[in-house]
Colleague: 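Right, I'll just put the structure down here and ask away after.
First listed ligand is number 1; within each ligand, the first listed atom is number 1.
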Amino acid sequence: MIAACPGSGKTTVLRHRANHILMQSPRHRIAAVTFTVQAARELSERIASTVTSAKGRVQAGTFHSLCLNQLRQAGQHPQILPENHARQLVHRATKEIDSSIKVAEAQAFIDRTKACISPSLASAPVPYREIYQRYEELRSDRGSMDFSDLVREAVLGMREGRVRPLSVTHLLVDEFQDSDEVQLAWVLEHSRLGVQVSVVGDDDQCIFAFRSALGYQALHRFKEATGAHQVTLDTTHRCAGKIVEHSGALIAHNSERLSKSLTTSNREDGSVQLLVGKDLVHEAAMIVDRIRASRQPERTVAILARSNHLLDGVEAALLGAAVPYVRIGGQSLFETRSAALLTGLLRAIIGESLLGIDHALSEAKVPTGVVDLVHGHVSRHGGSALALGNYSGPGHPALDNLRERIAPLTSQAAANRSNLVIYGIEAWLNAHVFKSKPCPVLPHCVKALVSLSGSLAQRIRAAELSEKKHDPDAVRIMTLHASKGLEFDDVWIYAANQGALPHESSLIEEERRLFYVGMTRARSNLVVTCTAGVQSVFIPEAKLATSL
Ligand SMILES: Nc1ncnc2c1ncn2[C@@H]1O[C@H](COP(=O)(O)OP(=O)(O)OP(=O)(O)O)[C@@H](O)[C@H]1O
């Protein structure tokens with residue numbers, strides 16, 4: 001069992017171990033388990049490139065793909081329920097049993113239940129139990145298995161002698177801390193049946209407890225059950241001294257973890273700073289100003305936050321300051337529905353396209369027949385948004401209000417008073433589309449467009465082309481979850497504010513690990529920002545206040 005720290009080169013170690021095993025004997029055959037198809041492909045390619053005799057002796061895959069092979073070899077040919085189809089069945093079961101329950105909550109309950117070898121429903125609230133049972137009924141009516149069933153079926157089959165283990169001498173498991181009960185049982189069955197098992201993991205980087213990942217318990221229980229020899233990789237090849245010191249101080253507050261004392265091979269001291277802003281907008285502006293002032297080519301920079309919603313504010317600030325960026329793993333501001341409504345109406349006002357009017361009226365629940373009449377009227381009268389002003393067909397409050405606004409907005413646009421036009425459209429969208437449910441993204445889109453310079457047409461184009469996906473020097477922005485496995489020279493952690501980080505609906509130890517994962521993405525410099533008065537409890541724990 002290899003217990004490792006961030007940046008200790010876990011995957012490299014796994015690859016070397018695989019090479020070593022293959023070189024030891026031509027009889028040796030390996031299966032390597034990873035959590036994504038991409039990671040499996042990379043690992044098997046790397047092994048094949050270094051050991052010429054590896055061909056045909058290595059299979060790499062996810063738990064699900066390897067279990068499916070096992071079941072097929074045992075003569076079972078399960079029909080797999082694709083994930084999106086499984087989600088539809090959960091949706092249907094929830095609506096049939098109790099439509100007041102959120103589908104996401106029902107899905108989480110089903111996932112948690114299915115992460116156990118013998119799911120027990122005895123203590124579950126009645127509607128959840130019934131939703132689970134209805135989902136199982138719908139699934140088995142279709143003669144299909146979902147992904148969790150595959151692994152459980154392979155485990156039960158091995159226990160009962162119906163299914164043989166993978167036909168390998170060695171099993172290697174990467175990211176072992178992310179295993180759930182069923183996956184742990186599958187690994188232990190292989191060990192019981194004589195396969196040599198090596199697992200690699202970092203309990204401090206387990207950030208998927210909400211998906212039933214066992215974290216420390218996976219490593220601990222594996223060691224207890226197999227008597228595995230533990231090797232600790234306690235040298236990071238990534239983080240500079242100060243980052244090791246402060247992240248170590250933070251994670252020491254978790255009680256359930258393997259003890260490791262970290263050292264670094266990075267000779268830099270590095271730097272760790274805390275910046276306190278007046279509010280979230282000020283925090284984002286501080287980050288962007290400092291990044292802009294200190295940009296150096298070929299230095300990688302990332303801004304991390306607890307949620308995608310927080311990143312919207314960061315993106316608006318980067319966009320407004322014309323700092324190139326790429327948003328990883330989430331929807332960019334100007335790819336959202338709110339942005340499409342805003343820019344669609346702006347385009348109609350500056351005469352680029354009238355489609356935005358149809359879209360906005362439909363979203364404001366104007367009947368389709370009326371939208372068609374408006375479209376016909378505007379097209380017949382010169383194809384200009386101004387023609388909306390003298391439309392006299394059947395009305396609707398949202399349409400009437402847009403008609404009244406259209407002439408003043410068009411003349412403001414003609415006089416280059418772009419910000420007034422943007423605010424005017426925002427007001428109409430808030431009053432007639434978003435109404436009682438304010439849209440959290442719209443203010444960020446408005447802020448970004450207002451901070452850009454140039455004509456309305458230029459600003460819209462700049463915003464829509466804002467992401468510089470192919471620019472290696474662009475600032476990477478992403479959630480803390482999405483940053484796992486990555487590394488950057490400079491890392492900024494935005495909005496380390498109580499309530500957001502730790503998130504109020506999550507477990508404190510899991511949130512601490514998440515903050516730890518974020519801190520340890522940095523090679524040289526780490527800056528944490530927070531808002532005065534609502535600082536995260538993790539700031540004093542990581543001794544950040546005293547590091548200024
Ligand atoms: N033996 C080594 N000597 C020097 N540098 C190394 C060594 N092994 C890995 N590295 C470098 O250290 C950095 C961290 O490696 P890697 O990302 O593989 O670590 P990791 O254990 O997977 O980290 P994490 O768990 O944080 O994702 C990389 O830049 C890698 O090139």
Colleague: Test Arg512 against Glu541 for salt bridge (Lys or Arg N to Asp or Glu O under 4.0 Å), laying out the working first.
Modeller: CA-CA 10 Å; Arg512 197 177 279 117; Glu541 286 182 6; 2.7 Å; yes

Colleague: For atom 16 (P) of ligand 1, what is the nearest protein heavy atom, given as residue, atom name and distance?
Modeller: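 Protein heavy atom with the smallest distance to atom 16 (P) of ligand 1: Gly9 CA, 3.9 Å.
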
Colleague: Nearest heavy atom to atom 17 (O) of ligand 1: which of His16, Arg521, Arg238, Gln205 does it belong to?
Modeller: Arg238

Colleague: Can you find a protein heavy atom closer to atom 13 (C) of ligand 1 than 4.0 Å?
Modeller: yes

Colleague: Hey, which of Arg327, His444, Lys447 is the one that makes side-chain hydrogen bond (donor to acceptor under 3.5 Å, both in side chains) with Asp312?
Modeller: Arg327

Colleague: Please confirm whether Pro6 comes within less than 3.5 Å of ligand 1 when only nitrogen or oxygen atoms on both sides are compared.
Modeller: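 By distance alone, the answer is no.
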
Colleague: Using modelled atom types only, decide if a donor and an acceptor are shared between the side chain of Ser506 and the backbone of His503 within a distance under 3.5 Å.
Modeller: no

Colleague: Report the nearest protein non-hydrogen atom to atom 23 (O) of ligand 1: residue, atom name, distance rounded to 0.1 Å.
Modeller: Gly7 N, 2.9 Å

Colleague: Is the Phe63-Phe147 ring centre distance short of 6.0 angstrom?
Modeller: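 No, too far apart.
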
Colleague: Less than 6.0 angstrom from the centroid, inside 45 degrees of the normal: does Arg211 satisfy that with respect to the ring of Phe208?
Modeller: yes

Colleague: Examine Ser8 against ligand 1 and note whether any of their N/O atoms are separated by less than 3.5 Å.
Modeller: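 The answer is yes, given that Ser8 and ligand 1 share an N or O pair closer than 3.5 Å.
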
Colleague: I need the nearest protein heavy-atom contact for atom 29 (O) of ligand 1: residue, atom name and distance, please.
Modeller: Glu487 OE2, 2.5 Å

Colleague: Among His237, Lys484, Gln177, Lys10, whose heavy atom sits nearest atom 1 (N) of ligand 1?
Modeller: His237

Colleague: Would you sort out whether Glu256 and Gln217 count as a side-chain hydrogen bond (donor to acceptor under 3.5 Å, both in side chains), showing the intermediate values?
Modeller: CA-CA 8 Å; Glu256 202 175 59; Gln217 283 297 332; 3.0 Å; yes

Colleague: Which residue is it: Thr232, Asp204, Asp234? I am looking for the one with a side-chain hydrogen bond (donor to acceptor under 3.5 Å, both in side chains) to Lys260.
Modeller: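 Result: among Thr232, Asp204, Asp234, Asp204 is the only option passing the side-chain hydrogen bond (donor to acceptor under 3.5 Å, both in side chains) with Lys260.
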
Colleague: Can you confirm whether something in the protein, heavy atoms only, sits under 4.0 Å from atom 31 (O) of ligand 1?
Modeller: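 So far as the 4.0 Å threshold goes, atom 31 (O) of ligand 1 is out of reach of every protein heavy atom.
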
